[in-house]
A.B. asks: 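Here's a structure for you.
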Amino acid sequence: MTSSPSAFPHSSDSMDDSKTVLTHLIKTRLQGAISKVFPEADPGLIQLQICTNPRYGDYQCTSVMAIAKGLKLNPRKAAEEVLEHLDLSGVASDPELAGPGFINIRLLPEAVTQALLQAARTGSCFVQPSDQTQTMVIDFSSPNVAKPMHVGHIRSTILGDSLARVARLLGHKVITDNHIGDWGTQFGKLLVGWKKHLDAANLAKDALGELERLYRMVNQACEEDEAVLEEARQELVALQRGDENNLAIWKEMKEVSRLQFDQIYERLGVVFDHAHGESFYNDHLHSVVQALTEKGLARDSQGAKVVFFEGQPDLEDHPALILKKDGGANYTTTDLATLDYRRKQWQPDEIIYVTDGRQQLHFRQLFAIFKQWQPESNILLSHTWFGSILGSDGRPFKTRSGDTIKLNDLLDEAEERALRAIKEKNPDLPEQTANELASIIGIGAVKYADLLPNRQTDYVFDWDKMLSLSGNTAPYLQYACTRIRSIFRKASLDEAAFLAECIASNMELVMESTHEQTLARKLIHFGLILESVLSDHRPNYLCNYLYELAGTYTSFYEHCPVLKSEGSVQTSRLLLCSLTRQVLEKGLGLLGIQTPSFM
RNA sequence: GCGCCCGUAGCUCAGUUGGAUAGAGCAACUGCCUUCUAAGCAGUGGGUCGCAGGUUCGAUUCCUGCCGGGCGUGCCA
């Protein structure tokens with residue numbers, strides 16, 4: 001909070017004030033005023049909302065009504081009291097009290113223009129890092145060794161990556177960890193296949209395809225011949241006991257898988273800080289079982305070691321196995337060991353698990369066990385789950401022959417389809433340029449289509465829709481960016497130089513058209529949107545915001561000619577163009593989507 | 001059986017601790033390219049938010065029941 005009379009000094013000497021973003025300032029003052037009247041209210045619940053209807057202003061706050069309800073107070077009187085302590089002079093006109101207790105806030109035109117100039121000066125994109133920096137571990141993607149990454153991995157990978165990017169931009173310390181499935185019963189069968197049926201040439205060409213072929217072959221043989229099944233069991237036992245030959249083969253299977261994972265991650269532009277697979281925790285499993293047993297949380301049942309949830313109605317009927325009767329641990333045990341390791345290693349405030357919704361019960365169990373095991377820990381454990389990708393028939397998305405769709409094939413097709421559209425529009429493009437463009441557009445389209453729906457709903461995969469280049473798609477947003485770049489090209493202006501000139505000359509902004517004003521106000525919302533994306537783990541808020549922003553911009557673009565205008569009108573419009581491009585590209589970047597320089 | 005999720009325009013989907021007049025794209029219809037990329041813009045039509053109750057200043061949102069669908073439910077993850 002600043003005590004300076006001017007929220008936005010023209011000089012950048014005063015570091016604190018010059019970097020305070022407008023929405024952040026309003027929100028902080030609002031929280032201050034509410035806390036003063038209701039010290040017992042949780043400041044985290046005090047939200048600054050964007051007005052759905054501009055008639056009521058730019059921002060509104062409904063938190064006071066919620067607080068008053070909890071305290072059984074008259075909401076309107078409560079809001080009146082808050083207003084007495086709310087000072088927004090310099091940035092907004094006097095806040096209005098409306099209806100049962102809405103607080104409506106209308107920005108002053110000069111606050112809007114100052115915010116634009118500040119963004120031009122600092123490159124902040126109207127975003128300010130959080131005052132409370134947190135350490136968060138994000139666990140996502142998690143492919144299985146010896147299985148090709150398929151369409152089922154895409155949501156976890158893209159959601160997790162996007163959340164990590166947003167959290168980092170908001171100033172948090174983020175640790176991304178790919179919990180690869182590199183241990184388990186499937187390796188018995190794989191070892192049999194590797195030893196008896198390995199096609200080395202195919203392994204070199206398509207390692208995961210070959211491993212998948214081996215697995216299928218042996219899996220089928222097991223169903224037909226008990227002897228093969230027994231052989232697989234023996235190989236697994238040997239592996240688990242540390243047989244050198246089996247360990248060597250297992251390591252090679254891991255390595256060839258890792259190379260193919262890395263290829264896909266490079267294609268997707270996804271980077272992990274760590275990739276501790278399940279096997280990383282093998283040595284800790286026993287001590288987890290021991291600790292839970294000693295604490296009296298786990299006990300023997302039907303030959304296995306089981307945690308029961310007495311007194312917890314939602315889990316009472318669903319005990320969790322932590323040791324199978326054959327003595328092997330399962331994924332609950334591994335996940336507990338992983339959780340314990342992460343706590344010790346990184347001391348996170350939050351751990352986010354990005355997996356599909358079918359694992360909800362598992363994570364409820366996991367979190368409940370951990371809470372009993374280490375009640376002193378106050379890590380926020382979040383299961384950020386998502387729905388399935390469906391085909392046009394409403395069934396899980398598969399190939400025509402009923403196989404799962406491999407991620408590489410999916411990305412290939414996206415690029416091919418994008419390339420076709422590009423060549424149709426621009427047949428003279430050099431081959432390599434067209435290919436690069438196709439990659440940016442094709443991969444971007446797939447990612448955007450995946451992030452756009454509410455993550456908890458199943459969505460229907462639709463090539464034509466995601467690449468249709470109109471409507472709420474990545475290409476539409478990318479196109480808006482290229483049109484902006486095109487304006488600067490046409491004007492023979494270097495955008496960076498233009499911005500520097502604007503700042504140096506301490507320019508006056510002129511925004512007489514409602515299209516300009518609407519665009520300017522929309523830009524300022526960006527930071528608030530990102531905060532809600534992170535708090536709800538929902539990048540689709542960002543998608544919808546970017547689409548609205550692009551729509552607002554194209555409307556401005558149609559009605560407010562830039563190059564034909566003159567003087568300060570033109571400079572102001574150019575600034576709006578530049579800031580829009582910055583926010584769009586920053587936003588797309590947070591979704592893991594690149595922007596081409598032309599289309 | 002029990003648990004979780006879903007049911008919003010013809011279709012595909014948004015809808016931020018409950019908030020003011022429920023939105024968008026596609027499809028349909030009407031305008032706009034000698035004018036910064038028409039991959040666009042402006043506009044029209046289209047809804048008992050599955051059904052029935054309840055909670056309150058206010059419910060698509062929360063609670064209860066019912067109908068319909070998906071997923072999960074002790075030795076895969």
Side-chain angles (χ1 to χ4, degrees), chain A residues 42 44-47 49-53 55-56 60 62-63 65-67 69 74-76 98-102 104 142 144 181 184-186 278 301-306 313-315 317-321 323-326 328 330-332 334-335 355-362 364 385 387-388 390 392 394 396 421-422 424-425 452-454 456-460 462 464-465 468-473 475-476 478-480 482-484 486-491 528-529 531-533 535-536 538 540-541 543-544 547-548 551 554-555 557-565 573 577 598-599:
Chain A
D42 177 2
L45 293 180
I46 300 168
Q47 295 298 327
Q49 292 165 309
I50 297 157
C51 272
T52 48
N53 189 332
R55 179 181 122 196
Y56 299 116
Q60 67 179 200
T62 59
S63 309
M65 288 185 281
I67 291 166
K69 183 152 200 155
N74 180 315
R76 199 178 158 96
F102 290 93
N104 292 332
S142 314
N144 291 311
T185 49
Q186 76 269 28
E278 293 174 0
S301 169
Q302 298 170 29
K305 193 80 85 175
V306 181
D314 55 329
L315 289 174
D317 296 334
H318 301 283
L321 257 78
L323 206 61
K324 298 184 284 184
K325 64 182 171 192
D326 66 4
N330 64 4
Y331 74 143
T332 302
T334 310
D335 278 355
T355 84
D356 74 86
R358 288 174 299 194
Q359 296 187 43
Q360 285 176 85
L361 178 58
H362 165 66
R364 289 219 318 272
W385 60 269
S388 312
L390 308 177
S392 53
I422 291 160
E424 203 170 299
K425 155 129 173 151
L452 177 63
N454 177 326
Q456 288 177 325
T457 51
D458 298 344
Y459 78 91
V460 175
D462 184 337
D464 292 331
K465 199 169 149 187
S468 79
L469 312 171
S470 73
N472 195 349
T473 65
Y476 173 85
Q478 290 167 327
Y479 178 58
T482 61
R483 287 174 113 182
I484 297 174
S486 178
I487 288 177
F488 282 91
R489 263 199 300 272
K490 271 264 157 62
L528 285 180
I529 299 295
E531 287 174 26
S532 64
V533 167
S535 63
D536 288 1
R538 291 185 193 277
N540 67 307
Y541 295 164
C543 296
N544 286 321
Y547 179 60
E548 285 172 21
T554 43
S555 186
Y557 177 91
E558 297 283 338
H559 294 97
C560 302
V562 177
L563 299 180
K564 282 187 172 174
S565 59
R573 288 179 180 176
C577 286
F598 70 94
M599 281 172 82

A.B. asks: Can you list the residues that meet the ring pair (Phe, Tyr, Trp, His ring centres under 6.0 Å) rule with A:Y541, with sequence neighbours excluded?
C.D. replies: none
A.B. asks: Let me know the distance between OH of A:Y541 and C1' of B:C13, rounded to the nearest Å.
C.D. replies: 15 Å
A.B. asks: Between the protein and nucleotides 24-29 of chain B, are there any N/O to N/O pairs under 3.5 Å, and if so, what are the atom names and distances?
C.D. replies:
none

A.B. asks: Heavy atoms only, 4.0 Å cut-off, all strands: where does A:T355 land among base, sugar-phosphate and nothing?
C.D. replies: nothing
A.B. asks: Can you list everything that forms a side chain to side chain donor-acceptor pair (under 3.5 Å) with A:T355? Sequence neighbours excluded, please.
C.D. replies: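 A:H383.
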A.B. asks: Going by the rule ring pair (Phe, Tyr, Trp, His ring centres under 6.0 Å), which residues pair with A:Y547 if we only count those two or more places apart in sequence or in a different chain?
C.D. replies: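 With sequence neighbours excluded, A:Y547 shows a ring pair (Phe, Tyr, Trp, His ring centres under 6.0 Å) to A:Y476, given in chain and number order.
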A.B. asks: Strictly under 4.0 angstrom, non-hydrogen atoms only: write out the protein contact profile of nucleotides 67-77 of chain B, one letter per nucleotide from the 5' end, B, S or -.
C.D. replies: ----SSSBBSB
A.B. asks: Using atom P in both nucleotides, what's the gap between B:A28 and B:U37 to the nearest angstrom?
C.D. replies: 29 Å
A.B. asks: Which residues pass the side chain to side chain donor-acceptor pair (under 3.5 Å) test with A:D42, sequence neighbours left out?
C.D. replies: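 Testing A:D42 for side chain to side chain donor-acceptor pair (under 3.5 Å), a comparison that skips the adjacent residues, returns none.
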A.B. asks: Whether A:T52 contacts B:G23 is assessed here as follows: a side-chain N or O lying under 4.0 Å from the phosphate OP1 or OP2. Is that the case?
C.D. replies: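 No, A:T52 has no side-chain N/O under 4.0 Å of OP1/OP2 on B:G23.
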A.B. asks: Please measure how far the C1' atom in B:G45 lies from the corresponding atom in B:G1, and state the result in whole Å.
C.D. replies: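 It works out to 48 Å between them.
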A.B. asks: To the nearest angstrom, how far is A:I484 atom CD1 from B:A39 atom C1'?
C.D. replies: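 Distance check: A:I484 CD1 to B:A39 C1' gives 15 Å.
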A.B. asks: Report all interatomic pairs (protein N or O, nucleotide N or O of nucleotides 57-61 of chain B) with separations under 3.5 Å.
C.D. replies:
residue: B:G58; atom: O6; partner: A:K69; partner atom: NZ; Å: 3.0

A.B. asks: Not counting sequence neighbours, which residues clear ring pair (Phe, Tyr, Trp, His ring centres under 6.0 Å) with A:H362? List them please.
C.D. replies: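 Expected list: A:Y331.
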A.B. asks: Got a sec, which residues hit salt bridge (Lys or Arg N to Asp or Glu O under 4.0 Å) with A:R364, two or more places apart in sequence or on another chain?
C.D. replies: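 Residues passing salt bridge (Lys or Arg N to Asp or Glu O under 4.0 Å) with A:R364: A:D314.
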A.B. asks: Would you tabulate the pairs of protein nitrogen or oxygen atoms and nucleotide nitrogen or oxygen atoms of nucleotides 7-9 of chain B closer than 3.5 angstrom?
C.D. replies:
none

A.B. asks: Counting any heavy atom closer than 4.0 Å, what does A:T473 reach on the DNA or RNA strands: base, sugar-phosphate only, or nothing?
C.D. replies: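 No contact.
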A.B. asks: Can you measure A:R538 atom CZ to B:U17 atom P for me and round it to whole angstrom units?
C.D. replies: 11 Å
A.B. asks: Determine the interatomic distance between C1' on B:C63 and the same-named atom on B:C26; round to the nearest Å.
C.D. replies: 37 Å
A.B. asks: Can you tell me how far P of B:G40 sits from CD of A:Q478, to the nearest Å?
C.D. replies: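 So the two atoms are 13 Å apart, to the nearest Å.
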A.B. asks: Counting only distance, no hydrogens or angles, is the base of B:U17 paired donor-acceptor with the side chain of A:S63 under 3.5 Å?
C.D. replies: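 Per atom types, the contact qualifies.
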A.B. asks: Does B:C33 sit syn or anti, given that only angles within 90° of 0 count as syn?
C.D. replies: syn
A.B. asks: Report the residues that fulfil side chain to side chain donor-acceptor pair (under 3.5 Å) with A:K465, sequence neighbours left out, ordered by chain and then residue number.
C.D. replies: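 Testing A:K465 for side chain to side chain donor-acceptor pair (under 3.5 Å), a comparison that skips the adjacent residues, returns none.
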A.B. asks: Pairing of RNA chain B as dot-bracket, 5' to 3': ( ) intra-strand, [ ] crossing, | other strand, . unpaired, with Watson-Crick or G-U pairs under 3.5 Å?
C.D. replies: (((((((..((((.....[...)))).(((((.......))))).....(((((..]....))))))))))))....
